[in-house]
Amino acid sequence: MEKEILNVRDLNVYYTNKQNLMSRIRGNSERSLQHVLKNVSFSMKKGEVLGLVGESGCGKTSLAKAILGMQKQYDGEITLDCPNPQMVFQDPYSSLNPAKKIGWILEEPLRMRARMDRGKANLSKEERIGQVDRMLGRVGLDVKLKEHYPAELSGGQRQRVAIAAALLCGTDFLIADEPVSALDVTIQAQIIRLLLKLHKELGISILFISHDLRVVYQMCDRVIIMKNGEILEQGKVEEIYGNPSTDYTRLLLEAANL
């Protein structure tokens, strides 16, 4: 039996609603909680690519933040068998330091790993450069880009840098949150092929968040359909797409001409 890398059981996520102006004036300190995710349960096998589909506001990113420990207001159980999970964001420019060159950005995960693993010897500058150069080649970028700033790169190049930085953190679990939706169709296809190539070569597990059912069909082994913070159905991509069990999934598939 394949080992699980992620297990989520009966997860409920809450956000604190901000007080409006009149409440603050009246000195009302009470704050209500918004129930964002409701009894969400699923698991992932090591080396799996799992799609998470739903309209904007359905709770996909809230689920990702809870898995990564970025969301503290929740109950339920999250078990993640990976010491250093990473996220690849929709807009790579917002996750790359605009004041630093690409070479510095890609060396920083290696410096951070050295600080965290205190029992291990620090990598020398030459060793870090070697690892960065090899990773640039793996994600299809020229090493000359190390001397450029993020603003000087195209959107597709920046997303490749973001993927490289995540992998240099030493993870085998990626959450890809709408990683191609901000790119044109041709570049989307290139990034999808890159993620599938890295998945095959490195055996990484990917939770792939998207609203695009066509992209999920290309990328994923299984798919979860979410609406209003709840899982409506989940299963193998071919089974869900071929025989959806809910009207909502059927509507999504019809809208995507699938």
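- Side-chain atoms of Glu55 and Lys227, non-hydrogen and from C-beta on, do get closer than 4.5 Å to each other.
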Below 3.5 Å, can you tabulate the donor-acceptor pairs from side chains in residues 213-223 to any protein atom, sequence neighbours excluded?
unit_1: Arg214; atom_1: NE; unit_2: Ala256; atom_2: O; d: 3.0
unit_1: Arg214; atom_1: NH2; unit_2: Ala256; atom_2: O; d: 2.9
unit_1: Arg214; atom_1: NH2; unit_2: Asn257; atom_2: O; d: 3.1
unit_1: Asp221; atom_1: OD2; unit_2: Val49; atom_2: N; d: 2.8
unit_1: Arg222; atom_1: NE; unit_2: Glu48; atom_2: OE2; d: 2.5
unit_1: Arg222; atom_1: NH2; unit_2: Ser43; atom_2: O; d: 2.6
unit_1: Arg222; atom_1: NH2; unit_2: Glu48; atom_2: OE1; d: 3.3
unit_1: Arg222; atom_1: NH2; unit_2: Glu48; atom_2: OE2; d: 3.4

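- Side-chain contact between Pro150 and Val161 is absent, with no heavy-atom pair separated by less than 4.5 Å.
- Nearest heavy atoms, Asn97 versus Ala99: OD1-N, 2.9 Å.
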Practice prompt. List the steps, then state whether side-chain contact (heavy atoms from CB on, under 4.5 Å) holds for Leu52 with Phe42.
Written response: CA-CA 11 Å; Leu52 182 59; Phe42 69 95; over 6 Å; no
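- Closest of all the heavy-atom pairs between Leu37 and Cys58 is CD2-O, 4.4 Å.
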Discussion item. One pair to check against salt bridge (Lys or Arg N to Asp or Glu O under 4.0 Å): Arg138 and Glu201. What are the steps and the verdict?
Written reply: CA-CA 10 Å; Arg138 192 179 284 276; Glu201 292 177 354; 3.0 Å; yes
Practice prompt. Before giving the answer on side-chain contact (heavy atoms from CB on, under 4.5 Å), spell out for Gln86 and Leu174 the whole-Å C-alpha distance, their side-chain angles and the decisive distance to 0.1 Å.
Written response: CA-CA 5 Å; Gln86 296 294 311; Leu174 288 181; 3.9 Å; yes
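- A single hydrophobic cluster is not seen to contain both Leu145 and Tyr93; linkage of ILVMFWY side chains at heavy-atom distances under 4.5 Å, directly or through other members, places them apart.
- Annotation: the span from Leu63 atom CG to Leu68 atom CG amounts to 9.5 Å, rounded to 0.5 Å.
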Worksheet entry | Derivation of the side-chain contact (heavy atoms from CB on, under 4.5 Å) call for Leu11 and Asn39 | CA-CA 5 Å; Leu11 179 67; Asn39 299 314; over 6 Å; no
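- In terms of modelled atom types and a separation under 3.5 Å, the side chain of Asn84 and the main chain of Cys169 share a donor-acceptor contact.
- Around the NZ atom of Lys38, the shell of radius 6.0 Å holds more than 12 heavy atoms that belong to other residues, nucleotides or ligands.
- Atom CD1 of residue Ile209 and atom CD1 of residue Ile224 lie 10.0 Å apart, to the nearest 0.5 angstrom.
- In the hydrophobic clustering of ILVMFWY residues, with side-chain heavy atoms under 4.5 Å counting as a link, Leu251 and Ile225 come out apart.
- Between Phe208 and Pro179, the shortest heavy-atom distance links the atoms CE1-CG, 3.5 Å.
- At distances below 3.5 Å, not a single donor-acceptor pair connects side-chain atoms of Gln157 with backbone N or O atoms of Leu141.
- Linking Ile, Leu, Val, Met, Phe, Trp and Tyr whenever their side-chain heavy atoms come within less than 4.5 Å leaves Phe89 and Val139 in two separate clusters.
- The closest side-chain heavy-atom distance from Glu108 to Arg111 is below 4.5 Å.
- Between Lys146 and Ile129 the shortest side-chain heavy-atom distance falls below 4.5 Å.
- Following chains of ILVMFWY side-chain contacts shorter than 4.5 Å, one can reach Val13 starting from Val8, so the two form part of one hydrophobic cluster.
- Glu233 places no side-chain N or O within donor-acceptor distance of the main-chain N or O of Met226, the cut-off being under 3.5 Å.
- Taken from CD in Gln73 to NZ in Lys65, the straight-line distance is 12.5 Å, to the nearest 0.5 Å.
- For the atom pair CD of Gln159 and OG of Ser154, the computed distance is 10.5 Å after rounding to the nearest 0.5 Å.
- At a threshold of 4.5 Å between non-hydrogen side-chain atoms, the residues Leu167 and Leu202 count as touching.
- At distances below 3.5 Å, at least one donor-acceptor pair connects side-chain atoms of Gln188 with backbone N or O atoms of Leu183.
- For the residue pair Ser181 and Asp212, no side-chain donor N or O sits within less than 3.5 Å of a side-chain acceptor on the partner.
- Nearest heavy-atom pair, Ala164 versus Met135, reported as atom, atom and distance to 0.1 Å: CB-CG, 3.6 Å.
- Hydrophobic cluster membership differs between Leu194 and Leu207, with clusters built from Ile, Leu, Val, Met, Phe, Trp and Tyr side chains linked at under 4.5 angstrom.
- Expressed to the nearest 0.5 Å, how far OG of Ser205 lies from CD of Glu4 amounts to 11.0 Å.
- In this structure, the side chains of Lys200 and Lys197 stay at 4.5 Å or more apart for every pair of heavy atoms.
- The shortest heavy-atom contact between Leu253 and Ile240 is CD1-O, 4.0 Å.
- Counting non-hydrogen atoms of neighbouring residues, nucleotides and ligands closer than 6.0 angstrom, the NZ atom of Lys46 exceeds 12 such neighbours.
- No donor-acceptor pair closer than 3.5 Å links the side chain of Arg9 to the backbone N or O of Glu77.
- With sequence neighbours left out, the side chain to side chain contact (heavy atoms under 4.5 Å, CB included) criterion links Glu152 to His148, Tyr149.
- Residues Tyr74 and Val36 form no side-chain contact, since every pair of their non-hydrogen atoms from C-beta on lies 4.5 Å or further apart.
- Residues Met87 and Ala64 come closest through the heavy atom pair CE-CB, 3.4 Å.
- Between the side chain of Lys60 and the backbone N or O of Gly57 there is no donor-acceptor pair closer than 3.5 Å.
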Worksheet item: What's the verdict on side-chain contact (heavy atoms from CB on, under 4.5 Å) for Cys82 and Asp172, showing C-alpha distance, side-chain angles and the deciding distance?
Response: CA-CA 7 Å; Cys82 174; Asp172 56 4; 3.2 Å; yes
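- Atoms NZ and CG, on Lys45 and Leu6 in that order, are 11.5 Å from each other to the nearest 0.5 Å.
- Side-chain N or O atoms of Gln71 include none that pairs as donor or acceptor with a backbone N or O of Ser62 at under 3.5 Å.
- Residues Phe173 and Ile67 form a side-chain contact, since some pair of their non-hydrogen atoms from C-beta on lies under 4.5 Å apart.
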